[in-house]
Amino acid sequence: SIVQPGSSWNSFRILSEGMGMVPVRSKLEASSAFKQAMALEATLPFMEAAVTGLCASYPPGCVMALCAAVRHRWLQLPKEEQRSLLLTLRQLRYLEASMPALVAGALSVGSGPVLGAAGLERKQVEAAFGQGVATLLVELQQFVAIERTLRSSGDLSPGKVDLAMSLFTAQQSQSRSTESLIVFLANKAAELRLFSMRGAQAQKERVHRAMLGTDVYAALANLLGLGRIKDELEDAAFEILHPEERQELRELLGGPEGEALVNSAVRELQKALENGKRLKDLSALRVSGRAKSAYSTWKKMKQKKLCFEEVLDRAAIRVILDAPTAERAEELCFEVRGILAELWSIRARQKDYINNPKPNGYRSLHLVAERHGQPFEVQIRTEEMHRQAEYGSCGHWEYKAGGSVAMSKAAEGAGAEIFAGLDVDGDGRINKLELQRALQQVGVEASLEEVSDMMEVFDSDGDGTVDFGEFWKALV
């Protein structure tokens, strides 16, 4: 039975029933506790100690509830999956997730079922952790069903990638928030990282998981603006597929030293802009920076046939600003460029996508600056330009009203391919036995009687079978 979190959980539920509580960012982890918990031979007390340190800024009752969820899930997981608990919670903690999201993240770690006959009853979860956690677990189970359908349908074609994006975003748009999808992606990042740490898996399985990580989950993370999760997915996939190239590029990029140089440059630029008397009417200013990841560096080198020294944006700084009017905000972008030219040397290579937008509508100023011999790519844009670049019409995915990715022709073709795989006898219709087999592929065990009841839902014309039109309607 589920481990009870104790009476102090009730006081937390009053504070955060609406999932609105976000704690102040604190030191996320004690490195010694984290390393001990991540050891393969680690025991549950080490895991609980690491989780307690990770969430030290939350009220004690909240931490007790989270530890109760961790204890319960730890006992359900095979040994090789137990470390995913800490990896998932670390991702969510970096995002300052609410405690219900952390609890749901812990309870949903691993390949085993969370709710249902082989897991917990929803009433048990509601009694122990509240309705918010139970709702998140239901939504997470729906994302898992989509994932299992993809994994059971063979190779990941471009059409299946499109279909996956459409299904995940359509499911997310039906939820109250993006919180369940964020928890799901944190789980996938932890799962892929742990998979990358193991050896001796079949090559086909390694490739399939890595492609899911980069082509689907990292793309979803990018869509939601989850840069840390996107990077984790891409780096884990890179480690699986190209371990030697990854290690070489990490050494060339400088590791922690490279990050320190970027952070120093960001502080210098931020100070110069805040003291700039020319930036009148400025209502918002954000300066951020990062060393280019090994994966994105490798990808650019492959796509543009460059050697490492020719990659000028090995480190990047982004300036995002706002002003009372769009016109004034655009003017400020060019004034920031002027201040930057006085601070550091600017290379001739500059791209004005504000006055000359890309065909997809993308707008921003791009230039390469040099500081102490270190080149940086600098992007300067307004808040509206940034919003459009990340989520709007110039983003990578076309949105429908309501926030789901539009279904492409390739996605429809992939749906037909999946249907053909379920239609074992190839007669163009799915019968009860075939539907039962399909349910098993997505982790749902159902008797023939239960399948008959479900057929009534899918079978709109009442002929006892499901054709592709009925299947597609149920799928999307």
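These figures come from a predicted structure and were not determined experimentally. Just the heavy atoms: all of them, side chains too, but no hydrogens, waters or symmetry mates, feed the values below.
If you run side-chain hydrogen bond (donor to acceptor under 3.5 Å, both in side chains) between Q379 and each of K351, H386, R318, only R318 comes through. Each of V378, D352, N355 was evaluated against L365; a single residue qualifies, D352, per the side chain to side chain contact (heavy atoms under 4.5 Å, CB included) test. A side chain to side chain contact (heavy atoms under 4.5 Å, CB included) with L340 holds for exactly one of V319, I346, I317; it is I346.
Side-chain N/O atoms of S84 and N187 include no donor and acceptor closer than 3.5 Å. A donor and an acceptor atom, one from each side chain of R250 and T297, are nowhere located under 3.5 Å apart. There is a side-chain donor-acceptor pair under 3.5 Å between Q247 and E251. Inspection of the Q350 and R337 side chains reveals an N or O donor paired with an N or O acceptor under 3.5 Å. When only modelled atom types and interatomic distance are considered, D231 and S293 share no side-chain donor-acceptor pair under 3.5 Å. Between the side chains of R206 and S196, not a single donor N or O lies within less than 3.5 Å of an accepting N or O. Between the side chains of W298 and E245, at least one donor-acceptor pair of N or O atoms lies under 3.5 Å. S296 and E234 share no donor-acceptor pair across their side chains, judged by distance under 3.5 Å alone.
Judged as a side chain to side chain donor-acceptor pair (under 3.5 Å), and not counting sequence neighbours, T382 has no contacts. Applying the side chain to side chain donor-acceptor pair (under 3.5 Å) test to N356 and every residue at least two apart in sequence or in another chain returns nothing. Taking the salt bridge (Lys or Arg N to Asp or Glu O under 4.0 Å) definition, one finds that E191 meets it with K188, R209, sequence neighbours left out.
By the 30° and 60° cut-offs, the orientation of the rings of F184 relative to F143 is tilted.
In this structure, R363 forms no cation-pi arrangement with Y353, as its terminal cationic atom is not both closer than 6.0 Å to the ring centre and no more than 45° off the ring axis.
The environment of E310 atom CD is dense: over 12 non-hydrogen atoms of other residues, nucleotides or ligands sit within 6.0 angstrom. Annotation for E248: atom CD does not count as buried by contact number, only 12 or fewer foreign heavy atoms lying within 6.0 Å.
Under a 4.0 Å N-O distance rule, the pair E383/R286 qualifies as a salt bridge.
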